[in-house]
Amino acid sequence: MSEHISVSRDGGVLRLTFNRTEKKNAITVAMYKALADGLIEADRDDSVRVVLFDAEGEIYSAGNDIADFMAGDPARDDPHATPEVVRFLEAIATAETPLVAAVQGPAVGVGVTMLLHCDLVYAAEAATFHTPFVDLALVPEAASSLLLPRVAGYQRAAEMLLLGKKINAARAREFGFVNDVVAGGALAETAYEAAQALAAKAPRALVLSKRLAKGDPAEVLKHMREEGAHFAAQLKSPEFMEAGAAFLQKRKPDFSNPS
Ligand code: COA
């Protein structure tokens with residue numbers, strides 16, 4: 001449980017809501033744990049037919065908490081423990097329960113890459129999508145370096161993953177990872193109606209159809225682990241220390257003298 005992820009239930013829909021508005025819904029280790037637990041429980045509990053992700057405040061999520069990145073997850077260095085972020089990413093990549101997301105504002109980093117695993121993604125006109133991994137001296141995660149080129153095409157993916165360009169909701173729809181862009185006031189209802197419509201469908205047929213459409217998750221998990229190894233190494237690199245310190249000190253990083 002995390003006070004920063006609100007969990008609520010309406011019929012067959014389990015709603016997981018980012019609720020850390022004072023830090024722009026940046027995701028901490030405790031929040032990853034709550035998200036992973038929610039997804040795993042949803043797959044175990046037949047009465048949960050759909051998971052709906054949404055967020056309080058104006059920002060969907062500022063991505064991984066950068067202070068947490070710098071402090072590290074104690075589990076990351078324990079060969080016998082699975083870091084909570086990995087539990088979350090594996091749970092979302094292998095979820096059998098259909099996943100719907102309502103993105104009301106800016107999404108950054110894992111706030112974007114998690115959407116590549118959702119089945120239906122709705123965005124408000126105010127939503128933006130930004131994956132500045134390279135700007136933080138990191139590499140893409142959540143298998144986004146596999147899934148984004150697949151859904152958007154290589155050059156469009158490069159625009160987001162290499163150049164770190166922030167795109168708006170209309171462009172995200174063109175890229176293919178947003179189903180529909182709606183006025184801000186209509187977002188909650190649009191996403192909720194879609195979630196309830198899925199929840200009312202024949203559950204076995206729905207889960208089987210999702211499995212058939214997604215295919216074997218082995219390739220995605222393998223790619224995610226490869227990204228994860230580079231990501232973990234980069235977190236210990238001098239270039240990341242510079243990028244992380246620059247973020248916290250609200251200044252531009254200086255990569256002119258990499259050691
Ligand atoms: N991790 C930790 N803290 C974060 C954060 C993050 N990813 N994103 C924002 N915050 C914190 C800020 O440090 C600030 O804290 P403070 O009030 O104690 O100084 C607070 O949230 C407000 O952030 P601020 O940048 O002032 O808000 P904004 O509305 O001007 O901008 C964002 C919102 C999301 C556009 C901006 O915060 C941002 O770009 N964040 C970093 C996103 C990022 O690089 N994530 C990692 C991707 S891999």
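Both backbone and side-chain heavy atoms feed into the values below; hydrogens, waters and symmetry mates do not. When a residue number appears, it is its place in the shown sequence, counting from 1. As the structure lists them, so they are numbered: ligands from 1, and atoms in each ligand from 1.
Taking the charged nitrogens against the carboxylate oxygens, Asp10 and Arg15 have no contact shorter than 4.0 Å, which rules out a salt bridge. Between Lys210 and Glu96 there is no salt bridge, since no side-chain nitrogen of the basic residue lies less than 4.0 Å from a carboxylate oxygen of the acidic one. By the 4.0 Å N-to-carboxylate-O rule, Arg87 lies close enough to Glu84 to be salt-bridged with it. Electrostatic pairing of Glu219 and Lys222 does not count as a salt bridge here, judged by no charged N lying under 4.0 Å from a carboxylate O.
Protein heavy atom in closest approach to atom 38 (C) of ligand 1: Phe247 CE1, 4.4 Å. The nearest protein atom to atom 6 (C) of ligand 1, hydrogens excluded, is given as Ala26 CB, 3.5 Å; this is a heavy-atom distance. Of all protein heavy atoms, the one lying nearest to atom 27 (O) of ligand 1 is Lys24 CE, 3.1 Å. Scanning the protein for heavy atoms near atom 26 (O) of ligand 1, the closest one is Lys250 NZ, 4.5 Å.
When the options Lys166, Lys23, Glu141 are ranked by their closest heavy atom to atom 21 (O) of ligand 1, first place goes to Lys23. When Asn25, Thr21, Ile66 are checked for heavy-atom proximity to atom 2 (C) of ligand 1, Ile66 turns out nearest. Residue nearest to atom 43 (C) of ligand 1, selected from Gly63, Ala62, Gly109: Ala62 (by heavy-atom distance). Across Thr28, Leu136, Thr131, Ile59, heavy-atom proximity to atom 46 (C) of ligand 1 is greatest for Leu136.
With Glu141 as the fixed residue, the side chain to side chain contact (heavy atoms under 4.5 Å, CB included) test singles out one of Val110, Thr131, Val86: Val110.
Distances from atom 36 (C) of ligand 1 to the protein include no heavy-atom value under 4.0 Å. In this structure, atom 23 (O) of ligand 1 has a protein heavy-atom contact shorter than 4.0 Å. Per-atom contact check: atom 31 (O) of ligand 1 does not touch the protein, criterion being a heavy-atom distance below 4.0 Å. Within the 4.0 angstrom cut-off, atom 8 (N) of ligand 1 has one or more protein heavy-atom neighbours.
Note: Phe129 and Phe175 fail the aromatic proximity criterion, with ring centroids not under 6.0 Å apart.
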For this session: Quick one: do Ser2 and Arg20 satisfy side chain to side chain donor-acceptor pair (under 3.5 Å)? Show the steps, please.
Result: CA-CA 10 Å; Ser2 161; Arg20 191 185 179 220; over 6 Å; no
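Within ligand 1, the atoms closer than 4.0 Å to a non-hydrogen atom of Val108 are 42 (C), 43 (C), 45 (N), 47 (C), numbered from 1 in the order shown. Of all the atoms in ligand 1, the ones that sit under 4.0 Å from a non-hydrogen atom of Glu22 are 20 (C), 21 (O). For ligand 1 and Phe133, the ligand atoms under 4.0 Å from any heavy atom of the residue are 48 (S).
Using a 4.5 Å cut-off on side-chain heavy atoms (C-beta onward), Ser61 and Ile27 make contact.
By the 30° and 60° cut-offs, the orientation of the rings of Phe53 relative to Phe88 is perpendicular.
Using modelled atom types, one side-chain atom of Asp68 and one backbone atom of Val29 make a donor-acceptor pair closer than 3.5 Å.
Across all their heavy atoms, Lys252 and Ala246 have their closest contact at C-CB, 3.9 Å.
Residue contacts with ligand 1 leave out His130, since none of its heavy atoms falls under 4.0 Å from the ligand. Put simply, no part of Leu138 is less than 4.0 Å from ligand 1, judged by heavy atoms.
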